Peer 1: 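Below is the structure I would like to discuss, written out as structure tokens.
Keep in mind that what you see is a predicted model, and the values were worked out from it rather than measured.
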Amino acid sequence: HEIRVGADRLIKATWIRLKAVRADGDLAVTIRDISESKAHIQELERRSNEDELTGLPNRYWIHQYLPQAIENARGLGMQLALLFVDLDGFKKVNDALGHACGDQLLRTVAKRLTIAVRPHDHVVRLGGDEFVVLLEHIERRADVEHVAARVLAVFRDGFHLQQATHMLGASIGISLFPEHGEDAQTLLKNADIAMYSVKTEGKGSYRFFQSR
């Protein structure tokens, strides 16, 4: 058995493996400190779920987390929303100033998005200049619209890079559970479709998925 040792422990180990073997009427118990291997495994799990550049949850994380979040919403009879956020003008800045500035810009965007959403919402970097915001425990569309407006607002002040302010925007596509899909793949796909419809019709705003 593997046992996590409590904070008031008398031994230094945080994880131990306990093995008991009975032979000829005697009981032999061995205790092994497995704290280091446990810490290594936990670090590998953290890295697999975390975007290296921004520290946000990554694509792998959202695909692991979203199905359970959908089941929770279904059980509670509540809505869930996905905001698919794609930056407008990132490639132009990245090409002009170089990848180092592009990386700095993405880190700044990640921080601003995290501040813009509600404390229990999740900001995820899918890769490149694509982000997803997961909103749970939604009761009405107005809650989603409020967060989407706050996300758009973080781009109004521009971004200071190399002694100059560069303007950037965002296009946001939104899908709702259960209205726009009842599984993770469908919700992500429909939020992506809604985002592209914003891209093709002027950018810099948000739109809910429409089935027609």
Peer 1: From His160 NE2 over to Thr108 OG1, what is the distance, rounded to the nearest 0.5 angstrom?
Peer 2: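 His160 atom NE2 to Thr108 atom OG1 measures 11.0 Å (nearest 0.5 Å).
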
Peer 1: What's the shortest heavy-atom distance between Val85 and Ala170, and which atoms?
Peer 2: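 Closest approach of Val85 to Ala170, heavy atoms only: CG1-CB, 4.0 Å.
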
Peer 1: Can you list every salt bridge (Lys or Arg N to Asp or Glu O under 4.0 Å) pair that touches residues 142-167, not counting sequence neighbours?
Peer 2: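 For residues 142-167, and leaving out neighbouring residues, the salt bridge (Lys or Arg N to Asp or Glu O under 4.0 Å) pairs sorted by first residue read Arg140-Asp143.
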
Peer 1: Show the nearest heavy-atom pair for residues Glu136 and Ala69, with the distance to one decimal.
Peer 2: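 That closest heavy-atom pairing would be OE1-CB, 3.5 Å.
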
Peer 1: Do the two ring centres, one from Phe209 and one from His180, sit under 6.0 Å apart?
Peer 2: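 When the ring centroids of Phe209 and His180 are compared, they turn out to be within the sub-6.0 Å range.
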
Peer 1: Among Thr54, Val151, Leu56, Ile115, which residue satisfies the side-chain contact (heavy atoms from CB on, under 4.5 Å) criterion with Val123?
Peer 2: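 Checked Thr54, Val151, Leu56, Ile115 against Val123; only one passes side-chain contact (heavy atoms from CB on, under 4.5 Å): Leu56.
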
Peer 1: With sequence neighbours excluded, what pairs up with Ser171 under the side chain to side chain donor-acceptor pair (under 3.5 Å) test?
Peer 2: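 If we apply the side chain to side chain donor-acceptor pair (under 3.5 Å) test to Ser171, skipping adjacent residues, the hits are Asp88.
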
Peer 1: Hey, could you give me the OG1/CD distance between Thr165 and Gln162, rounded to the nearest 0.5 Å?
Peer 2: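 Going from OG1 on Thr165 over to CD on Gln162, the span is 12.5 Å.
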
Peer 1: If only atom types and distance count, is the side chain of Arg207 paired as donor or acceptor with the main-chain N or O of Gln210 below 3.5 Å?
Peer 2: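 Such a contact is absent between Arg207 side chain and Gln210 backbone.
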
Peer 1: Please name all residues satisfying side chain to side chain donor-acceptor pair (under 3.5 Å) with Thr114, sequence neighbours left out, ordered by chain then number.
Peer 2: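 Thr114 satisfies side chain to side chain donor-acceptor pair (under 3.5 Å) with no other residue.
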
Peer 1: Do Glu139 and Met78 come close enough that some side-chain heavy atom pair is under 4.5 Å?
Peer 2: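 Yes. Closest side-chain heavy atoms under 4.5 Å.
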
Peer 1: Test of understanding: with salt bridge (charged side-chain N to carboxylate O under 4.0 Å, His left out), list the residues that count as partners of Glu179, not counting sequence neighbours.
Peer 2: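 Result, salt bridge (charged side-chain N to carboxylate O under 4.0 Å, His left out) vs Glu179: Arg141.
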
Peer 1: When you compare the side chain of Leu76 with that of His137, does any pair of heavy atoms fall below 4.5 Å?
Peer 2: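 With C-beta onward as the side chain, the pair touches.
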
Peer 1: Taking all atoms of both residues into account, what is the closest heavy-atom pair of Ala81 and Ile138, and its distance?
Peer 2: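 Ala81 and Ile138 have their closest heavy atoms at N-CG1, 4.3 Å.
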
Peer 1: In chain order, what residues pass the side chain to side chain donor-acceptor pair (under 3.5 Å) check against His120, with sequence neighbours excluded?
Peer 2: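 Partners of His120 by the side chain to side chain donor-acceptor pair (under 3.5 Å) criterion come out as none, since no residue qualifies.
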
Peer 1: Would you give the length of the straight line joining atom CZ of Phe208 to atom CD1 of Ile174, rounded to the nearest 0.5 angstrom?
Peer 2: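 Reported value, rounded in 0.5 Å steps: 4.0 Å.
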
Peer 1: Let me confirm one number: the OG-CG distance from Ser205 to Leu152, rounded to the nearest 0.5 Å.
Peer 2: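 Reported to 0.5 Å precision, the distance equals 7.0 Å.
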
Peer 1: Kindly write out the residues that satisfy salt bridge (charged side-chain N to carboxylate O under 4.0 Å, His left out) with Asp103, not counting sequence neighbours, or none if the list is empty.
Peer 2: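 Asp103: no salt bridge (charged side-chain N to carboxylate O under 4.0 Å, His left out) contacts found.
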
Peer 1: Check which hydrophobic residues are tied to Val198 through side-chain heavy-atom contacts below 4.5 Å, counting indirect links as well, and list them.
Peer 2: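 In the cluster with Val198 there is nothing else; it is isolated.
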
Peer 1: Going by salt bridge (charged side-chain N to carboxylate O under 4.0 Å, His left out), name the residues that satisfy it together with Arg118, two or more places apart in sequence or in a different chain.
Peer 2: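 With sequence neighbours excluded, Arg118 shows a salt bridge (charged side-chain N to carboxylate O under 4.0 Å, His left out) to Asp121, given in chain and number order.
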
Peer 1: Partners of Arg112 by salt bridge (charged side-chain N to carboxylate O under 4.0 Å, His left out), sequence neighbours excluded?
Peer 2: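 Here no residue qualifies.
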
Peer 1: Who passes side chain to side chain contact (heavy atoms under 4.5 Å, CB included) against Asp129, sequence neighbours left out?
Peer 2: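 Asp129 satisfies side chain to side chain contact (heavy atoms under 4.5 Å, CB included) with Asp86, Leu87, Phe90, Leu106 only.
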
Peer 1: Using side-chain contact (heavy atoms from CB on, under 4.5 Å), reason through Leu105 and Leu168 one step at a time and then give a plain yes or no.
Peer 2: CA-CA 10 Å; Leu105 180 56; Leu168 210 68; 3.8 Å; yes

Peer 1: Nearest 0.5 Å please: distance from the CD atom of Gln104 over to the CG atom of Leu161.
Peer 2: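 Reported to 0.5 Å precision, the distance equals 5.0 Å.
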
Peer 1: Near Lys199 NZ, under 6.0 Å, is it more than 12 heavy atoms from other residues, nucleotides or ligands?
Peer 2: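 More than 12 heavy atoms, drawn from other residues, nucleotides or ligands, come within 6.0 Å of this atom.
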
Peer 1: Can you run down the salt bridge (Lys or Arg N to Asp or Glu O under 4.0 Å) pairs that involve residues 60-81, sequence neighbours left out, and say none if there aren't any?
Peer 2: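 Listed by first then second residue: Glu71-Arg74, Arg74-Glu182.
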
Peer 1: Which ILVMFWY residues can you reach from Ile70 by hopping between side chains whose heavy atoms are under 4.5 Å apart?
Peer 2: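 Direct or chained contacts put Ile70 with Trp61, Ile62, Tyr65, Leu66, Leu80, Leu82, Phe84, Val124, Leu126, Val132, Leu134, Phe177, Leu187, Leu188, Met195, Tyr196.
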
Peer 1: Apply the test side-chain contact (heavy atoms from CB on, under 4.5 Å) to residues Leu83 and Tyr206: give CA-CA distance (whole Å), side-chain angles for both, the deciding distance (0.1 Å), then the verdict.
Peer 2: CA-CA 9 Å; Leu83 279 62; Tyr206 65 83; over 6 Å; no

Peer 1: Could you check if a side-chain atom of Phe155 sits within less than 4.5 angstrom of a side-chain atom of Val109, using non-hydrogen atoms only?
Peer 2: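 In contact.
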
Peer 1: Are side-chain heavy atoms of His166 and Leu97 found at a separation under 4.5 Å?
Peer 2: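 His166 vs Leu97: side chains touch.
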
Peer 1: Just verifying a value: how many Å separate Asp95 CG and Cys101 SG, rounded to the nearest 0.5 Å?
Peer 2: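 The distance works out to 12.5 Å.
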
